[in-house]
Amino acid sequence: MQSFIQIYCAGAGLRARTEVHNNKGRSDLEVSSGFRHWVFEFKLVKDDESPEKKLREAEIQMKERSYGLSEAHLEIKGMALVFSLKDREFVKWAEIL
C-alpha cells in the first residue's frame, strides 16, 4: 500500500520517499509538496484486530520517534492510516503533529 501511494505521488511530481531514517526509527512514507511536508505511518489490521488500537499505535509511534523533523523548515503534517485486510480499504485515519 505504501509503495502504491509513493508511485502515485511521484507520478504527480511530488518528492516521495519511503522508509526515511532518523535517529529514533524510520517513517513509512514522506512526501514534500511546496512548503508542506507530509509524513505517513501505515498500520495493517487483520481479522479480529482493533483498527482504533492500531490507529493509536501509529499516532504514538509518530510522536515518540519524531518523524519528519528533518524537514523542520517546512510545515509538517502527519497522517496515520489503518488498512484492513478483510475490507481491503483504509478503515481509520487521523491527522497528527
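Numbering of residues begins at 1 and proceeds along the displayed sequence.
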Inset, instruction - Could you pull out all residues at least two apart from R17 that satisfy side chain to side chain contact (heavy atoms under 4.5 Å, CB included)? - result: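 Residues passing side chain to side chain contact (heavy atoms under 4.5 Å, CB included) with R17: R15, V20, E30, H37, E71.
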Legend entry - side chain to side chain contact (heavy atoms under 4.5 Å, CB included) against L85, all qualifying residues, sequence neighbours excluded: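 Residues passing side chain to side chain contact (heavy atoms under 4.5 Å, CB included) with L85: L44, K46.
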Applying a strict under-4.5 Å side-chain criterion to I, L, V, M, F, W and Y, I'd like to know whether [X] and [Y] cluster together.
{"X": "W38", "Y": "L14", "value": "yes"}
{"X": "L74", "Y": "Y67", "value": "no"}
{"X": "F35", "Y": "I76", "value": "no"}

Inset, instruction - Identify, with sequence neighbours excluded, every residue that meets ring pair (Phe, Tyr, Trp, His ring centres under 6.0 Å) alongside F90. - result: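 Only F83 meet the ring pair (Phe, Tyr, Trp, His ring centres under 6.0 Å) criterion with F90.
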Can you list everything that forms a side-chain hydrogen bond (donor to acceptor under 3.5 Å, both in side chains) with [X]? Sequence neighbours excluded, please.
{"X": "K43", "result": "Q61"}
{"X": "T18", "result": "none"}
{"X": "E52", "result": "S50, K92"}
{"X": "K53", "result": "none"}

Any chance you could measure [X], atom [atom1], to [Y], atom [atom2], to the nearest 0.5 Å?
{"X": "F42", "Y": "K54", "atom1": "CZ", "atom2": "NZ", "value": "15.0 Å"}
{"X": "M62", "Y": "I96", "atom1": "CE", "atom2": "CD1", "value": "5.0 Å"}
{"X": "E41", "Y": "D28", "atom1": "CD", "atom2": "CG", "value": "4.0 Å"}

Inset, instruction - Quick one: name the residues clustered hydrophobically with V82, using the 4.5 Å side-chain heavy-atom rule over I, L, V, M, F, W, Y, and just say none if it's on its own. - result: V45, L55, V91
Inset, instruction - Heavy atoms only: give me the nearest G25-R65 pair and the separation to one decimal. - result: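 Where G25 meets R65 most closely, the heavy atoms are CA-CD, 4.4 Å.
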Inset, instruction - Might you point out which heavy atoms bring A10 and A16 nearest each other, and give the distance in Å? - result: N-CB, 4.4 Å
Inset, instruction - Report yes if some heavy atom in the side chain of M79 is under 4.5 Å from a heavy atom in the side chain of E95; otherwise report no. - result: yes
Legend entry - Partners passing salt bridge (charged side-chain N to carboxylate O under 4.0 Å, His left out) against R26 (at least two apart in sequence or in another chain):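 If we apply the salt bridge (charged side-chain N to carboxylate O under 4.0 Å, His left out) test to R26, skipping adjacent residues, the hits are E19.
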